[in-house]
Asks: 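First the structure, then my questions, so here it is.
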Amino acid sequence: MSAPLLRVRGLHKRFSVGGGFLARRAWLRAVDGVDLDVNSGETVGLVGESGCGKSTLGRTILRLIEADRGEISFEGQDVRAAGRRELRALRRRMQIVFQDPYASLNPRMRVGDAIGEGLGIHRIARGDARRRQVAELLETVGMRPEHASRYPHEFSGGQRQRIGIARALALRPSLIVADEPVSSLDVSIQAQILNLMLDLQKQLGVAYLFISHDLRVVKHMSDRVFVMYLGRVVEEAPSRDLYARPQHPYTESLLSAVPEPNPGGRRDRIQLSGDVPSPLAPPSGCPFHPRCPRVVERCRSETPALREIHPGHRSACHLAPL
């Protein structure tokens, strides 16, 4: 079996909170020992509630945020050890589509300049060649070449996200981190953007790390799914297996809340008690035990390892298989 396109092992990232006058500094564990692989041409979904560390993980992988410790390997190259020149070359192959299509584009920059900026920085194309490539990219994402001369405020949210995707594709990356790319869009527009991303994947062979809190969207997009809770991966499985046979109580609760269009296939809703614990003071043992409907005494004192339950299906639960 070939090596994965992206390989992450034991990744940690924490942030300092407080530490002002007469205040004690605290540490927020945003990413807490995550292992993750993405293979060429596949989509890996990353799901969990807001604040679980999904976006921090994605940005740390790209070194938009520096990790505290752990390994990040992309196309066999050590990302964390890369110097400025090596990192610049790596970023041709690793791109990101941001959540907010309004904030991710410079309002003072014409669309064509925003899309073509990377082509100039990496000395790929200039002048007429750059304009031709920008026009082709706009057509690839379902827009017209003349849109290159307009400004972002002249477009709708869905069109702006298409522009963001075109900008990410400009350097022909092999991996795109899609950070909640449709969460701020209307439902009808979401479907268009998701189908565009799937079509582009078939055409170009690009891999996605697809970050979302919406399990319906992740099911539609992903080959494999990682579920995060309080900075840790608590379950990993092929998409079909995870949705059919979840092996962690947290995943069960998330799936039970997804609206089911077929009343006969509806899951019983699992109501979790309490709120998500603070990452400043995570609970001992299993991080999910204060809210878990299946909790036993072992869960309160012993942190469960992420172990294989079925081939390719891992769960961090003492009681798995459920």
Side-chain angles (χ1 to χ4, degrees), residues 1 4 6-9 32-39 41-50 52-54 57 178 180 194 198 201 207-274 276 283 285-300 302-322:
M1 184 176 178
L6 172 70
R7 184 178 184 272
V8 176
R9 291 293 180 270
D32 194 8
V34 168
D35 296 347
L36 181 145
D37 290 342
V38 180
N39 297 311
E42 80 165 340
T43 299
V44 169
L46 189 61
V47 299
E49 294 169 289
S50 296
C52 72
K54 307 185 299 296
L57 175 60
E180 300 269 13
L194 294 174
L198 289 172
Q201 187 173 52
Y208 296 126
L209 177 59
F210 191 91
I211 300 169
S212 179
H213 65 275
D214 189 330
L215 276 84
R216 292 172 300 174
V217 169
V218 170
K219 183 179 182 181
H220 178 66
M221 292 292 294
S222 303
D223 301 301
R224 291 185 296 126
V225 180
F226 287 72
V227 181
M228 285 189 72
Y229 186 79
L230 279 185
R232 299 181 181 182
V233 172
V234 297
E235 188 161 6
E236 170 204 346
S239 180
R240 183 175 297 179
D241 194 16
L242 182 117
Y243 283 81
R245 297 187 297 172
Q247 294 296 315
H248 194 283
Y250 178 59
T251 309
E252 278 191 322
S253 69
L254 291 178
L255 291 175
S256 75
V258 175
E260 175 58 59
N262 177 15
R266 184 173 296 162
R267 299 174 184 264
D268 292 331
R269 179 69 186 271
I270 299 174
Q271 297 288 347
L272 298 178
S273 60
V276 179
C286 174
F288 186 60
H289 87 254
R291 307 173 71 198
C292 182
R294 301 173 183 263
V295 64
V296 296
E297 190 58 37
R298 181 185 181 190
C299 304
R300 296 184 173 93
E302 184 179 338
T303 303
L306 188 64
R307 57 190 176 88
E308 191 166 67
I309 309 302
H310 307 293
H313 193 152
R314 299 193 299 162
S315 172
C317 178
H318 294 307
L319 303 180
L322 302 179

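Residue numbers run from 1 in the order of the sequence given. This structure is a prediction, so every number in the text was calculated from the model and none was measured.
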Asks: Work out which heavy atom in P290 is nearest to a heavy atom in C286; give both atom names and the distance.
Replies: CD-O, 4.2 Å

Asks: What residues, two or more places apart in sequence or in another chain, satisfy ring-ring contact (aromatic ring centres under 6.0 Å, His included) together with F226?
Replies: none

Asks: Rounded to the nearest 0.5 Å, how far does CG of L322 lie from SG of C317?
Replies: 5.0 Å

Asks: Would you find a donor on one side and an acceptor on the other, under 3.5 Å apart, between the side chain of K54 and the backbone of S212?
Replies: no

Asks: Drop me the distance from N39's CG to R7's CZ, to the nearest 0.5 angstrom.
Replies: 12.0 Å

Asks: Applying side chain to side chain donor-acceptor pair (under 3.5 Å), name anything that partners Y208, two or more places apart in sequence or on another chain.
Replies: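 Partners of Y208 under the side chain to side chain donor-acceptor pair (under 3.5 Å) test: none.
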
Asks: Please list, chain by chain and in numerical order, all residues satisfying side-chain contact (heavy atoms from CB on, under 4.5 Å) with V47, sequence neighbours excluded.
Replies: V218, V225, V227

Asks: So do R232 and T303 actually touch side chain to side chain, heavy atoms under 4.5 Å?
Replies: yes

Asks: Between F288 and H248, does the ring centroid distance fall short of 6.0 Å?
Replies: yes

Asks: Starting at NE2 of H289, measure out to SG of C299 and round the result to the nearest 0.5 Å.
Replies: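 H289 atom NE2 to C299 atom SG measures 8.0 Å (nearest 0.5 Å).
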
Asks: Would you say L57 and L46 make side-chain contact, with heavy atoms under 4.5 Å?
Replies: yes

Asks: Got V8 and D35 here, is their nearest side-chain heavy-atom distance under 4.5 Å?
Replies: no

Asks: Are the side chain of S253 and the backbone N or O of Y250 linked by a donor-acceptor pair below 3.5 Å?
Replies: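 Answer holds: yes.
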
Asks: Using atom types as modelled and distance alone, determine if a side-chain donor or acceptor of Y229 lies under 3.5 Å from a backbone N or O of C52.
Replies: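 No, because the side chain of Y229 does not come within donor-acceptor range (under 3.5 Å) of the backbone of C52.
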
Asks: Given 3.5 Å as the limit, does a donor-acceptor pair link the side chain of H220 with the main chain of V217, or not?
Replies: no

Asks: The test is side chain to side chain donor-acceptor pair (under 3.5 Å); show your working for E235 and T251 and say whether it passes.
Replies: CA-CA 7 Å; E235 188 161 6; T251 309; 2.7 Å; yes

Asks: G41 and A207: which non-hydrogen atoms are nearest, and at how many Å?
Replies: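 In terms of heavy atoms, the two residues are closest at N-CB, 3.6 Å.
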
Asks: Output the distance between atom CG (L319) and atom SG (C292), rounded to the nearest 0.5 Å.
Replies: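 L319 CG to C292 SG: 7.0 Å, rounded to 0.5 Å.
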
Asks: According to salt bridge (charged side-chain N to carboxylate O under 4.0 Å, His left out), who are the partners of D214, at least two apart in sequence or on a separate chain?
Replies: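 Listed in chain order: R216.
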
Asks: Working note: V44 + L6, criterion side-chain contact (heavy atoms from CB on, under 4.5 Å); need CA distance, chi angles, decisive distance, verdict.
Replies: CA-CA 11 Å; V44 169; L6 172 70; over 6 Å; no

Asks: Pair V233, L306 - check side-chain contact (heavy atoms from CB on, under 4.5 Å), show working.
Replies: CA-CA 8 Å; V233 172; L306 188 64; 4.0 Å; yes

Asks: Answer yes or no: is there a side-chain heavy-atom contact under 4.5 Å between M228 and V234?
Replies: no

Asks: The criterion is side chain to side chain donor-acceptor pair (under 3.5 Å); which residues satisfy it with R300, sequence neighbours excluded?
Replies: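 Expected list: E297.
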
Asks: Which pair of non-hydrogen atoms, one from I309 and one from A320, has the smallest distance, and what is that distance?
Replies: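 Answer, listing the atom of I309 first, then A320: CD1-CB, 3.7 Å.
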
Asks: Please examine the side chains of L230 and P283, heavy atoms only from C-beta on, and report whether any two atoms are closer than 4.5 Å.
Replies: yes

Asks: My understanding is that only residues two or more places apart in sequence, or in another chain, count here; which of them pass salt bridge (charged side-chain N to carboxylate O under 4.0 Å, His left out) with D223?
Replies: none

Asks: Once side chain to side chain donor-acceptor pair (under 3.5 Å) is applied, do any residues pair with R314, and if so which ones, sequence neighbours excluded?
Replies: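 If we apply the side chain to side chain donor-acceptor pair (under 3.5 Å) test to R314, skipping adjacent residues, the hits are E236.
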
Asks: Does the side chain of V296 come within less than 4.5 Å of H318's, by heavy atoms?
Replies: no

Asks: Would you mind listing every salt bridge (Lys or Arg N to Asp or Glu O under 4.0 Å) that reaches into residues 41-50, with sequence neighbours excluded?
Replies: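 Output for this query lists E42-R224, E49-R291.
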
Asks: Side chain to side chain donor-acceptor pair (under 3.5 Å) with R294: which residues, sequence neighbours excluded?
Replies: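 Checked R294 against side chain to side chain donor-acceptor pair (under 3.5 Å); matches are E252.
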
Asks: Among residues at least two apart in sequence or on other chains, which ones pass salt bridge (charged side-chain N to carboxylate O under 4.0 Å, His left out) with R9?
Replies: D37

Asks: Identify, with sequence neighbours excluded, every residue that meets salt bridge (charged side-chain N to carboxylate O under 4.0 Å, His left out) alongside R298.
Replies: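 R298: salt bridge (charged side-chain N to carboxylate O under 4.0 Å, His left out) contacts with E302.
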
Asks: Can you list everything that forms a ring-ring contact (aromatic ring centres under 6.0 Å, His included) with H313? Sequence neighbours excluded, please.
Replies: H310

